[in-house]
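Shown next, in structure tokens, is the structure this report addresses.
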Amino acid sequence: MVDRRKFLATAALAAGSTQAAPQLAIKGGKPVRAKPLRADYWGPQYYDAKERQELMDVLETGRPFRWYGRGTEPPMKVATFEKEFAARFGTRFALAVTSGTGALQTAVNALQIGPGDEVILPAWTWHSCYDAVVLAGALPVFAEIDESFNIDPTDIEGKITPQTKLIMAVHLQGNPADMDRILPVARKHRLKVLEDCAQSVGASYKGRPLGSIGDIGIFSLQLNKTITAGEGGAVTTNDPVLFERAARFHDLGGLRDVHQRVLGKPQLDWFVGCNFRMNEFSGGVLLAQLRKLDLIVGAVRANAQRVYEGIRDLPGLHLRQLPDPAGELGAAVFLGFKTKEQCERFKTAMRAEGVPVSNPGGSANLPTLPYVIHKVTVHPAWPSFTSPRGRSIQYAGCCPRTTDILSRFAGPHLDPKFTRADTDDIVAAIRRVYPQIVG
Ligand SMILES: Cc1ncc(COP(=O)(O)O)c(C=O)c1O
């Protein structure tokens, strides 16, 4: 016998109708999934004989250090990774470093940002962005995000002062920041643009790889990112002076043969550096992962597309703003609500359906955090906050729109290895729950 409820649910789904919506699991209906859907870390799901071989090469040759080692052959894992990274991202230069945080510090120092300078960054981003500015002795100035969850281009100009040197365009949770609206503001005020691609490795903006559009790009290759060796990072640029300063800073101020060969004649001299050098084990794993980047990105994008397609006709559908839908990574599909309360009800009902959703994540609403509000640094005389401007700037309450937006969006995370049945379940759960919340 045909289960009438199931028949109506299927019919409603097929027709895109919300009329005969089945009972929500939260109200006693059968959940879409018995076992909750869970996205996994992407890169490690693709580990295979290629990564193993890269690691074995380093073990067998006994050459774990990128500059030199046993035997007569130069170690080549990190150097090859840099070469292929630059080629994949369409930049003249790429520098491998130990982390995205190290990449940010390297880039900020390459740009010669320091005491007395101001840097505009989104209120919603990862701690490392703020830290890199403060660690350089410069002053962070927050701008609001918009419904893309990236920096709101309309909020940048009002934050510019004669001390502003840099805009951080952070491409968050797979979504490119709107570079066509950010770059003209930067050009008009002669500011540099740093693209932080940590959360969007492999995404693009209007056909251009992220990390190749601004003056300098940074990447994280930590576990939560598209490809990974557990930790790792990279800096990209087309500017030889920025690359040289980055290469020197990431080492101890000198310039090694590998980078001299890439650069040609050096233009700078020694200065102090940080040692953010990548080792050959990480370089090998990341080389194997880089060669799978397009496979991973293609798979996760296809899954996101299936979800977007499946919910496109829902009445009143409000999605995260996507400045370039084709370039987005598809890390998550976020739906918007009029109020935080509606969003919370959506989260509770989706969890009951076995398709958990969450608010935007992977970043912090920085101006709401006590260490930011109170300008806490290791040394009380840190130059970021001792100037009259540094003393007077107030972070608490500076970006209320950011807090509001983050509370009103939620969605499922996607995984490149989700099956068609998994994405069908996401669609089915959203189709069942969303109309009942917004309707
Ligand atoms: C936007 C952003 N920038 C920088 C970083 C720092 O990267 P890492 O964790 O590799 O230091 C992260 C890490 O999550 C990030 O999300």
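As the structure is a prediction and not an experimental result, all values here were calculated from the model. Whatever order the structure lists them in is the order used to number ligands and atoms, beginning at 1.
Using a 4.0 Å heavy-atom criterion, the residues that approach ligand 1 are S99, G100, T101, L104, W126, S128, V170, L172, D196, A198, Q199, S220, Q222, K225, G232.
Under the 4.0 Å criterion applied to side-chain N and carboxylate O atoms, E84 and R291 are assigned as salt-bridge partners. Ionic pairing of E147 and R408 is present here: one or more N-O contacts between side-chain nitrogen and carboxylate oxygen are shorter than 4.0 angstrom. In this structure, R312 pairs ionically with E309, as a charged nitrogen and a carboxylate oxygen lie closer than 4.0 Å. Under the 4.0 Å criterion applied to side-chain N and carboxylate O atoms, E82 and R66 are assigned as salt-bridge partners.
Taking the side chain as every heavy atom from C-beta outward, F149 and N175 never approach each other to under 4.5 Å.
Cation-pi geometry between K292 and Y47 is not satisfied (NZ or CZ under 6.0 Å from the ring centre, within 45° of the ring normal).
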